[in-house]
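Here's the structure we're looking at; comments come further down.
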Amino acid sequence: MYEERTSRVPGAVVWRRTSDTAATSDTAATSDTAATSDTAGDARVLPDGCMDLIWVSGELLVAGPDTVAHLVPHQRDVRYVGLRFAPGTAPALLGVPAVELRDRRVPLDDLWPSAEARRLRERAGEAADPAAALEDAVLPRLAAEGRGTVVRGEPTLVDAVMAGVRDGRSVRETAADAGLSERHLHRRCLDAFGYGPRTLGRILRLNRALDLARGGTPFADVAAVTGYADQAHLSREVRSLTGVPLSVLLAAP
């Protein structure tokens, strides 16, 4: 079973997932990405450019930005509560460049002082809603970073890159808009997103395409609308980033 809500942390989403007690597939779907199940019951979590702070069975983990689908083994009676950060926003809150966590899941103790991580683990374990404890721990860090309010009309680098990628602008154009060289932009993107603007663009385009395909849009039209050269290009990108063909991905629960 899976559910989510808008977080008190700006731009973030709180999600909860409880595994089946029966030996059946366990699936989850989110607004920006999806976790679909393989026949063995493993959840296939698709890359979406986000990072997550996750409470799972009394432990705290940080999931870094994925470049390909991540398989989560099916386990019975396991409860997950997560705080999913919008692309580019987690490094300032977690205190580590995103690239250091790319395609990794690490204990929060490896990133925060052990006493602070232990206190949060205890508060989350004792709370009626562990997600509230995660939000309460992150919000002061948000305020400390001066990100509690974002002044409209003064976009951050993250905002500029996200806008450029979504508008289909080239890396050169995006770098020029940000007042950076392409090499400097790439380094800054590694810190913020975990990968460069081209990879970020591939991942965000994949998620837009999957949203359309799940809504019933024909594959050829999906490819045209989202900027792929043709349906074959879309199919290659889906297999490259998710590990399975588009038809298999959409047929999963």
Side-chain angles (χ1 to χ4, degrees), residues 6-13 30-33 46-53 62-68 83-104 106 111-112 135 138-212 223-229 233-234 237 240-241:
T6 301
S7 172
R8 289 183 286 126
V9 177
V13 171
T30 76
S31 57
D32 294 324
T33 186
L46 307 186
D48 60 1
C50 299
M51 294 173 61
D52 296 64
L53 174 59
V62 173
D66 292 324
T67 56
V68 294
L83 185 59
R84 178 178 296 115
F85 302 100
T89 62
L93 303 178
L94 297 176
V96 61
V99 68
E100 294 186 13
L101 301 179
R102 186 172 59 196
D103 293 318
R104 299 176 61 201
V106 302
L111 308 179
W112 286 9
E135 291 174 305
V138 168
L139 283 169
R141 286 175 169 257
L142 184 69
E145 288 294 330
R147 298 178 61 90
T149 57
V150 178
V151 179
R152 294 189 180 279
E154 298 180 9
T156 64
L157 175 68
V158 168
D159 297 329
V161 171
M162 291 292 290
V165 166
R166 285 171 173 156
D167 291 344
R169 297 174 68 79
S170 68
V171 174
R172 176 176 296 178
E173 291 171 326
T174 302
D177 290 344
L180 302 172
S181 67
E182 291 183 50
R183 180 174 296 182
H184 193 188
L185 176 69
H186 185 81
R187 289 199 302 267
R188 295 282 295 275
C189 283
L190 289 180
D191 289 342
F193 301 105
Y195 23 67
R198 288 189 178 87
T199 299
L200 177 66
R202 291 178 64 203
I203 289 171
L204 296 183
R205 181 170 60 175
L206 169 73
N207 282 273
R208 291 196 301 271
L210 292 179
D211 285 343
L212 290 174
V225 169
T226 52
Y228 292 97
H233 182 203
L234 167 64
E237 280 290 274
S240 174
L241 293 170

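Given the structure is predicted, the values throughout are model-derived calculations rather than measurements.
With hydrogens and angles ignored, the 3.5 Å screen pairs a side-chain donor or acceptor of Asp103 with a backbone N or O of Thr67. Without hydrogens or angle criteria, Arg102 side chain to Gly194 main chain gives a donor-acceptor distance under 3.5 Å. A donor-acceptor pair is defined here as one N or O able to donate and one able to accept, closer than 3.5 Å; no such pair exists between the side chain of Asp211 and the backbone of Arg208. Between the side chain of Thr199 and the backbone N or O of Gly196, no donor-acceptor pair lies under 3.5 Å. Of the possible polar contacts, one joining the Asn207 side chain to the Pro47 backbone as a donor-acceptor pair under 3.5 Å is found. Under the 3.5 Å distance criterion, the side-chain polar atoms of Glu100 are left unmatched by any main-chain donor or acceptor of Pro97.
Taking CG of Leu93 as the reference point, atom CG of Leu111 lies at 12.5 Å (rounded to 0.5 Å). To the nearest 0.5 Å, atom CE of residue Met162 and atom CZ of residue Arg166 are 3.5 Å apart. Rounding to the nearest 0.5 Å places CG of Leu83 at 4.5 Å from OG of Ser7. Here the OG1 atom belonging to Thr226 is positioned 9.0 Å from the CG atom belonging to Leu206, to the nearest 0.5 angstrom. Taking CD1 of Ile203 as the reference point, atom CG of Leu46 lies at 10.5 Å (rounded to 0.5 Å). A distance of 12.0 Å separates CG in Leu241 from CG in Asp48, rounded to the nearest 0.5 Å.
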Check against side chain to side chain contact (heavy atoms under 4.5 Å, CB included), Val161 and Phe193: CA-CA 10 Å; Val161 171; Phe193 301 105; 3.7 Å; yes
Intermediate values then yes/no, side chain to side chain contact (heavy atoms under 4.5 Å, CB included), Val171 and Leu185: CA-CA 8 Å; Val171 174; Leu185 176 69; 4.1 Å; yes
Evaluation steps, side chain to side chain contact (heavy atoms under 4.5 Å, CB included), between His186 and Tyr195: CA-CA 8 Å; His186 185 81; Tyr195 23 67; over 6 Å; no
Derivation and outcome, side chain to side chain contact (heavy atoms under 4.5 Å, CB included), residues Met51 and Arg84: CA-CA 6 Å; Met51 294 173 61; Arg84 178 178 296 115; over 6 Å; no
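Annotation: cation-pi geometry satisfied between Arg205 and Tyr228 (NZ/CZ under 6.0 angstrom from ring centroid, within 45° of ring axis).
Val62 has its side chain within reach of Leu101: a pair of non-hydrogen atoms, C-beta onward, lies under 4.5 Å apart. Counting only heavy atoms from C-beta outward, the side chains of Leu180 and Leu157 approach each other to under 4.5 Å.
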